[in-house]
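What follows is one structure encoded as structure tokens, with my remarks underneath.
It should be emphasised that the depicted structure is a prediction, and the values quoted were computed from it without experimental measurement. Here is how names work: the chains are called A, B, and so on, in the same order as the sequence lines, proteins then strands, and each is numbered from 1.
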2 protein chains.
Amino acid sequence: MKASENNRKSHIREKNYLNILNAAEEVFAQNGFKGSSMNAIAEKAGLPKANIHYYFSNKMALYMEVLQRILVEWNQGLGEFTEQDDPSEVLEHYIASKVLQACQKPHQSKLFASEVISGAPAIADYIRTEMRQWLREKSAIFQIWMDKGLMKPVDPSHLMFMIWSTTQHYADYQTQVLLLLNQQEYETSDYETITRIVTEVILTGVGLTPSWKKQ
Amino acid sequence: MKASENNRKSHIREKNYLNILNAAEEVFAQNGFKGSSMNAIAEKAGLPKANIHYYFSNKMALYMEVLQRILVEWNQGLGEFTEQDDPSEVLEHYIASKVLQACQKPHQSKLFASEVISGAPAIADYIRTEMRQWLREKSAIFQIWMDKGLMKPVDPSHLMFMIWSTTQHYADYQTQVLLLLNQQEYETSDYETITRIVTEVILTGVGLTPSWKKQ
DNA sequence: ACTCATGTTGACCAAACGGTCAACTTAAGT
DNA sequence: ACTTAAGTTGACCGTTTGGTCAACATGAGT
């Protein structure tokens with residue numbers, strides 16, 4: 001255990017660790033923190049409950065780990081643009097990414113929603129610092145675009161809220177949407193339909209033109 | 001107890017009944033069905049737990065009662081319009097109602113969201129029948145307006161989803177919105193700001209003109 | 001004043017909860 | 001083959017859970 005330390009510190013550890021994390025993500029997403037039991041997570045992971053506690057000291061630690069993984073993945077996946085970029089392109093790309101994320105990994109948004117609904121006890125600090133900072137930066141870029149007359153002037157923060165809400169809706173309210181549309185699950189064609197209408201309405205709403213309508 | 005039967009069957013019963021229902025609404029909204037304990041509801045209501053069971057046979061019955069009251073109130077408050085009405089007026093009024101509802105009674109939307117996130121076990125039937133029927137009717141009206149050239153053609157169902165998501169966002173994600181805006185609570189001026197931007201973006205997005213921009 | 005329906009509640013129960021631990025099996029370095 | 005670290009797990013503990021019940025208090029009709 002000297003040379004191989006970097007190669008595969010512990011193959012089995014990482015395997016089970018991720019297995020538990022994935023199971024926990026699903027269970028927590030369905031019933032929130034308080035509503036989820038370690039037993040349910042253990043069963044979903046196919047392991048005895050005591051084994052979960054070998055990898056995670058307690059329920060809260062597991063929950064925080066799941067939450068953090070989601071936030072990291074979200075921050076990697078999207079959201080970097082500058083005032084030099086084209087407003088339409090940026091918004092189109094951002095909305096498309098969010099829709100894909102919502103449809104393909106609805107658990108993540110559901111868990112996040114659950115956390116926020118219950119008062120965000122675990123991530124209030126994150127929202128108050130990192131997230132607010134991110135929103136400020138992007139809002140400033142929106143504002144510059146509006147000042148330049150590139151888009152219609154609307155409150156930048158609330159514009160971002162509109163993008164978040166319309167896209168995440170397809171994750172959080174997945175059950176309702178599918179029941180209303182009489183579908184079993186989202187299909188690839190749905191991603192496009194959703195992206196298209198959300199993009200079209202919002203972009204047109206702020207005086208922009210979707211790329212497929214240009215020229 | 002013959003003549004007074006209609007007057008006030010039991011004043012004390014109704015008082016406690018509503019007290020418990022309100023307490024349950026808050027608690028269920030925060031932590032969902034599984035995450036809420038009868039004890040927490042009892043404490044919120046200021047009654048011993050056993051007293052709750054005098055009015056509601058069990059947890060599920062109480063939960064269903066709370067849910068049903070919400071659905072009834074929602075169906076009363078809004079959503080009735082016909083193809084003869086003016087599209088802009090209808091959408092404006094509908095959005096304004098939903099925003100007011102979200103800001104003033106966020107518990108209700110939060111509880112509904114919780115239920116849907118956890119797979120809508122208690123209201124899947126309601127969604128599949130009544131709600132879907134309602135959506136079909138309103139979508140048909142949207143479609144007629146679009147066919148008449150009164151508004152831009154977009155998928156009517158998804159347009160409704162956009163209205164629902166943008167407005168309910170301010171209830172479900174209330175904590176996040178307030179933390180990001182650095183506010184303690186929604187103020188009357190917020191209702192107007194939110195209504196204004198949501199209405200403006202969506203109406204413009206579907207080729208309509210908000211009333212305050214006309215002429 | 002008496003009566004009976006209505007409402008109240010502490011004490012209690014079985015089940016499920018989060019979490020611990022010692023005994024055990026498996027994997028890996030020498 | 002031996003040793004030690006890593007991983008597994010059934011049994012168990014104290015607490016909380018939803019729910020019951022018998023004893024009690026209070027209301028209203030006569």
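- When distances are taken from the side chain of B:Arg13 to each of C:dT9, C:dG7, D:dG10, the shortest belongs to C:dG7.
- Picking from C:dC17, D:dG19, C:dT20 the nucleotide with the shortest atom distance to the side chain of B:Asn58 gives D:dG19.
- Each of D:dG7, C:dT6, D:dG18 was ranked by its minimum atom distance to the side chain of B:Tyr54; first place goes to C:dT6.
- Separating the NE2 atom of A:His53 from the C1' atom of D:dC12 is a distance of 14 Å, rounded to the nearest angstrom.
- If you check C:dG19, C:dT20, D:dG7 against the side chain of A:Tyr55, the one that comes closest is D:dG7.
- A donor-acceptor contact under 3.5 Å links the side chain of B:Lys49 to the base of D:dG18.
- For an aromatic pair to be called close, the ring centres must be under 6.0 Å apart, and A:Tyr191 with A:Tyr186 fails this.
- In this structure, A:Asn19 contributes its side chain and A:Ala45 its backbone to a donor-acceptor pair below 3.5 Å.
- For B:Pro48, the listed nucleotide lying nearest its side chain is C:dT9; candidates were D:dG10, C:dT9, D:dT20.
- Residue B:Asn51 contributes atom CG, which lies 10 Å from atom P of C:dG7 at whole-angstrom precision.
- With distances taken from any side-chain atom of A:Asn39 to the nucleotides C:dG19, C:dC17, C:dT20, the minimum falls on C:dC17.
- Looking at the side chain of B:Ile12, the nearest of the listed nucleotides C:dG7, D:dT17, C:dG10 is C:dG7.
- Taking a cutoff of 4.0 Å between a charged side-chain nitrogen and a carboxylate oxygen, B:Arg69 and B:Glu25 qualify as a salt bridge.
- Here D:dG18 presents its P atom at 11 Å from CG of B:Leu62, a figure rounded to the nearest Å.
- For the pair B:Lys138 and B:Glu80, the salt-bridge criterion is met [side-chain N within less than 4.0 Å of a carboxylate O].
- Distances from the side chain of A:Ser37 to the nucleotides C:dG10, C:dT8, C:dC17 place C:dC17 closest.
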